[in-house]
Novice: 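Could you have a look at this structure, given as structure tokens, before my questions?
Because only heavy atoms are used, hydrogens play no part in the values below, and waters and symmetry mates are left out as well, while side chains stay in. From a predicted model like this one, the values you see are computed outputs, not experimental measurements.
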Amino acid sequence: TLNNHFTEIENVMDIDRALWMMAFENLTVCLDGPINSIPHNFYLFQDNNGRFSPILWDMNMAFGTFTNGLPTPVQNSDLQELDIFHESTNSQNKLTTQVFSSERYKRMYVAHMRTILNEQFANNNYSTRALQLQQIIDSDVNTDPNTFFNYTDFIDNINSSVGVNPIVGISELMNSRVAFLQNLTEFTAASPVISTISSNPSSVLPHTSVSITANISNSNYAYLGYRFKFADKFEKIEMYDDGNNGDGIAGDGIFGATINVDARDVQYYIYAENTNAGIFSPERAEKEFHQLSVVSGLVINEIMASNISSVTDQDGEYDDWVELYNGNNFSLNLNGYYLSDNENDLTKWSFPNISIPANDYLIVWCDTAGGTQAGLHTTYRLSADQEEVYLTNDIGTVVDAVHFVNMPNDVAYARVPNGTGTFIHQGATHEANNQIISAIAEVSLSSKLRVYPNPSNNRMYILGAT
């Protein structure tokens, strides 16, 4: 497909991950890979959608320590000013030549490289981190009798070249490289500006349609990437400023796209470009994304799929649990409703004749103890690795559905704001209002802590900080 049917490449390759990898390798001058003359030096992993993703190779050869394929003798300036489209004309390098044959992919590639540069290099974050890592291993290097370079070289190489066949210093390389990149036409070109992202309607009901809009200036093309669960690939549809896609008046700078939703929340991002530059919102897309809640009066409000020591059931057991919330102003009877973890078997567990009062909660324990213990207990457990929870009403309509992955121990997945918001990881609230914890912790490298979720789409939390 890469060689012969490139227009279909996104069906078989996660092109976004490929672009991130290529941008990262080029920026950090990691030449032992597909951006250089060794095009086979990367691995491929096939995901559940049948698409391949590239996996990095030999990052220990980054920062210009591998120079094979460059004209000899290699000068520091060859590394500092490495062409951002290096090897794009090498017929043996199928990944690079094919990807860079697309002007759109080139603009996306530069947008990703700009994000990495601004977040980690233009502000010298990389240098601070290098010094931290150097300090961690300092005493071990100092006492190691078998090093290839002496201790002074180890200290000096953060900033300057060392050795008989000089190994360029990290900041010596990257400070000049950052300046070089920032002066390139691809980086100085004015990219579109994406702002004021919204939905119409603002409150989205299950099994309806919604228009997602954004104010986009300096753009001649934009698309919306959307999906309903982490395991899906993002579907892409063009956004228009024509007055026919929930975007208001034609030509007003508001771009829109309309999609049909089921009962799951929407994960989405926006890409916009002009002739010279492209930009993503959020900038770390597709790894990060915006979210849009899809809710009615009755929702799945909180889930804990790895309850080790957080909340006990009526028998003192730590079981998986699902919390429902009735945001209606009337009591709701659940007789005939179902809860399931399988979209192909939505009637997996049925509710008894029980009601949730208005603005109240109901806990269902997922522990296979149905009928043998007090309270509500399903006939199945949840998987913390990856799972979906479906709530179906008495006429067979899914009224809410939630997909999650990588659930940490004793961490809940909850709607914030309570009953209406999108899901975030937080400490369990369990039959209480879900709310954002606004504390910010400053932690040292020596702290024993657990950060979740990792990766994160919008915010991260720290457990066990000291």
Novice: Who passes side chain to side chain donor-acceptor pair (under 3.5 Å) against Asp242, sequence neighbours left out?
Specialist: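 Asp242: side chain to side chain donor-acceptor pair (under 3.5 Å) contacts with Asn245.
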Novice: Can you give me the closest heavy-atom contact between Val398 and Leu346, atom names plus distance?
Specialist: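 Val398 and Leu346 have their closest heavy atoms at CG2-CD1, 3.6 Å.
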Novice: Determine yes or no for a side-chain-to-main-chain donor-acceptor pair under 3.5 angstrom, with Asn307 supplying the side chain and Asp319 the backbone.
Specialist: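 Present.
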Novice: Could you check Trp349 against His377 for side chain to side chain contact (heavy atoms under 4.5 Å, CB included), going step by step and ending with a plain yes or no?
Specialist: CA-CA 9 Å; Trp349 181 79; His377 295 260; over 6 Å; no
Novice: Could you give me the CA-CA distance, side-chain angles and deciding distance for Asn274 and Asn276, then say whether side-chain hydrogen bond (donor to acceptor under 3.5 Å, both in side chains) is met?
Specialist: CA-CA 6 Å; Asn274 53 42; Asn276 300 312; 4.7 Å; no
Novice: So which heavy atom on Glu25 is nearest to which on Trp57, and how close?
Specialist: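 Nearest pair, atom of Glu25 first, then Trp57: OE2-O, 4.2 Å.
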Novice: Verify whether the ring centers belonging to Phe289 and Tyr269 lie closer than 6.0 Å.
Specialist: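 No; Tyr269 has its ring centre 6.0 Å or more from that of Phe289.
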Novice: Check whether any side-chain heavy atom of Met113 lies under 4.5 Å from a side-chain heavy atom of Glu186, and answer yes or no.
Specialist: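 Met113 vs Glu186: side chains apart.
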Novice: Would Arg104 and Tyr221 count as a cation-pi pair here, with the cationic atom under 6.0 angstrom from the ring centre and within 45° of the axis?
Specialist: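 Yes, Arg104 lies over the aromatic ring of Tyr221.
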Novice: Rounded to the nearest 0.5 Å, how far apart are OG1 of Thr397 and OH of Tyr337?
Specialist: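 Atom-to-atom, Thr397:OG1 and Tyr337:OH are 9.5 Å apart.
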Novice: How close do Ile237 and Thr258 get, counting heavy atoms only, and between which atoms?
Specialist: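 Heavy-atom minimum between the residues: CD1-O, 3.8 Å.
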Novice: Do we see a donor-acceptor contact under 3.5 Å between the side chains of Thr422 and Ser293?
Specialist: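 No, Ser293 and Thr422 have no side-chain donor paired with an acceptor closer than 3.5 Å.
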Novice: For Tyr271 and Glu273, which I'm curious about, is there any donor-acceptor pair between the side chains at under 3.5 Å?
Specialist: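 Yes, because at least one side-chain N or O of Tyr271 sits under 3.5 Å from a partner of the opposite role on Glu273.
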Novice: Grab the two heavy atoms, one from Met407 and one from Ile303, that are nearest each other, plus how far apart they are.
Specialist: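 Taking every non-hydrogen atom into account, CE-O, 4.0 Å.
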Novice: Below 4.0 angstrom, N of the basic side chain to O of the carboxylate: do Glu286 and Arg227 qualify?
Specialist: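 Salt bridge absent between Glu286 and Arg227.
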Novice: Enter the distance from Glu343:CD to Asp345:CG here, rounded to the nearest 0.5 Å.
Specialist: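 Atom-to-atom, Glu343:CD and Asp345:CG are 11.0 Å apart.
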Novice: Over 60° means perpendicular and under 30° means parallel, so tell me whether Tyr105 and Phe6 are parallel, tilted or perpendicular.
Specialist: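 Taking Phe6 first and then Tyr105, their aromatic rings stand perpendicular (interplane angle over 60°).
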Novice: Do Ser306 and Asn409 have a side chain donor and acceptor closer than 3.5 Å?
Specialist: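 A donor-acceptor contact under 3.5 Å links the two side chains.
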Novice: Kindly say whether the aromatic ring centers of His112 and Phe280 come within a distance under 6.0 Å.
Specialist: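 For His112 and Phe280, the ring centres are under 6.0 Å apart.
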Novice: Could you walk me through whether Asn434 and Thr429 pass the side-chain hydrogen bond (donor to acceptor under 3.5 Å, both in side chains) test, one step at a time?
Specialist: CA-CA 6 Å; Asn434 301 335; Thr429 53; 2.5 Å; yes
Novice: What do the steps show when you test Asp394 against Asn335 for side-chain hydrogen bond (donor to acceptor under 3.5 Å, both in side chains), and what is the final call?
Specialist: CA-CA 7 Å; Asp394 53 355; Asn335 190 29; over 6 Å; no
Novice: Should Thr368 and Arg381 count as side-chain neighbours, where that means a heavy-atom distance under 4.5 Å?
Specialist: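 Side-chain contact under 4.5 Å: yes.
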Novice: Of all the heavy-atom pairs spanning Thr213 and Gly256, show the shortest one and how long it is.
Specialist: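 Between these two residues, the closest heavy atoms are CG2-CA, 4.0 Å.
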Novice: Between the side chains of Arg17 and Asp47, is the shortest nitrogen-to-carboxylate-oxygen separation below 4.0 Å, so that they form an ion pair?
Specialist: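 Here Asp47 does not pair with Arg17 in a salt bridge, since their nearest N and O are not under 4.0 Å apart.
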Novice: Of all heavy-atom pairs between Ala432 and Glu323, which one has the smallest distance, and what is that distance?
Specialist: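 Between these two residues, the closest heavy atoms are N-OE2, 3.9 Å.
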